[in-house]
Amino acid sequence: MTMSSPLGLEPAAALFRSLGDPTRLALLRRLASGEARVVDLTGELGLAQSTVSKHLACLRGCGLIDYRVEGRQSFYALIRPELLDLLRSAEQVLAATGEAVALCPVYGAPTAARAGASA
């Protein structure tokens, strides 16, 4: 990744935007433990089929997951094992910064920011 030009950071920013949704992160966390069908994911994560399908399409479009067809079923899986290293690194950064990211007024969770403001 080239840091000399802001334009060189666009692909990295797109990657982080693709990871910037709690549903997509939950799907990736689940797929890290093995492949799954949409019906498995909806049941395990308590999400609507349309929601799961939409987010799987996003992750697939980003080249992070893919699927294989077996009969009438599609099995989704991670195809970029490096992503697990990235997510582990993110967990380490979050642990090191404590609640700073959650309390960020721009990107933090709205409820976390309000709770911090009322304390």
Side-chain angles (χ1 to χ4, degrees):
M1 177 183 339
T2 299
M3 296 288 194
S4 61
S5 165
L7 298 178
L9 296 176
E10 288 176 6
L15 171 65
F16 285 107
R17 279 192 301 273
S18 75
L19 300 175
D21 183 276
T23 299
R24 288 193 289 276
L25 286 174
L27 289 167
L28 290 170
R29 178 185 291 163
R30 168 51 186 87
L31 292 175
S33 66
E35 65 181 14
R37 302 169 300 159
V38 171
V39 67
D40 301 326
L41 297 167
T42 58
E44 292 173 27
L45 301 175
L47 299 169
Q49 181 273 327
S50 59
T51 299
V52 169
S53 294
K54 176 182 79 166
H55 288 292
L56 289 173
C58 173
L59 294 169
R60 187 168 180 261
C62 293
L64 302 176
I65 67 168
D66 208 353
Y67 68 93
R68 66 177 179 83
V69 176
E70 188 175 300
R72 294 177 57 197
Q73 301 179 67
S74 297
F75 292 85
Y76 288 84
L78 289 176
I79 58 171
R80 302 298 337 160
E82 307 89 341
L83 184 58
L84 298 177
D85 294 332
L86 177 63
L87 295 175
R88 276 191 285 275
S89 293
E91 288 173 357
Q92 292 172 345
V93 169
L94 289 170
T97 61
E99 296 295 316
V101 174
L103 296 175
C104 173
V106 177
Y107 294 111
T111 55
R114 283 194 297 271
S118 64

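Since the model is a prediction, treat every value here as computed from it, not as a measurement.
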Next on the checklist: Assess the residue pair L41 and L47 against the criterion (side chain to side chain contact (heavy atoms under 4.5 Å, CB included)); give the C-alpha distance rounded to whole Å, side-chain angles, the decisive distance to 0.1 Å, and a yes or no.
Outcome noted: CA-CA 8 Å; L41 297 167; L47 299 169; over 6 Å; no
Item to check | Steps toward side chain to side chain contact (heavy atoms under 4.5 Å, CB included) verdict (F16, L86) | outcome: CA-CA 10 Å; F16 285 107; L86 177 63; 4.2 Å; yes
Checklist entry - Between E70 and F75, does a side chain to side chain contact (heavy atoms under 4.5 Å, CB included) hold up when you go through it step by step? => result CA-CA 8 Å; E70 188 175 300; F75 292 85; 3.7 Å; yes
Next on the checklist: Before you tell me yes or no, could you show the steps for L64 and I79 under side chain to side chain contact (heavy atoms under 4.5 Å, CB included), namely the whole-Å CA-CA distance, both residues' side-chain angles and the distance that decides it to 0.1 Å?
Outcome noted: CA-CA 6 Å; L64 302 176; I79 58 171; 5.8 Å; no
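Atom NE2 of residue H55 and atom CD1 of residue I65 lie 11.5 Å apart, to the nearest 0.5 angstrom. Separating the CZ atom in R24 from the CG atom in L59 is a distance of 6.5 Å, to the nearest 0.5 Å. In this structure, R80 CZ and L15 CG are separated by 11.0 Å, a value rounded to the nearest 0.5 Å. From D66, atom CG reaches atom CZ of R60 across 4.5 Å, with rounding to the nearest 0.5 Å. For the atom pair CZ (R37) and CG (D40), the distance works out to 4.0 Å, reported to the nearest 0.5 Å. Between atom CZ of residue R29 and atom CG of residue L45 there is a gap of 10.0 Å, rounded to the nearest 0.5 Å.
One hydrophobic cluster holds both L56 and L25 under the rule that ILVMFWY side chains link at heavy-atom gaps under 4.5 Å. Residues V101 and L87 do not share a hydrophobic cluster, clusters being chains of Ile/Leu/Val/Met/Phe/Trp/Tyr side chains in contact below 4.5 Å. With hydrophobic clusters built from ILVMFWY side chains whose heavy atoms lie under 4.5 angstrom apart, L19 does not share a cluster with V93.
Closest of all the heavy-atom pairs between G34 and R30 is O-NH1, 2.8 Å. A32 approaches L84 most closely through the heavy-atom pair CB-CD2, 3.4 Å.
Between T51 and T42, every side-chain heavy-atom pair lies at or beyond the 4.5 Å cut-off. Annotation: side chain of S74 is not in contact with side chain of V38 (no heavy-atom distance under 4.5 Å). Between L28 and L83 there is a side-chain heavy-atom pair separated by less than 4.5 Å.
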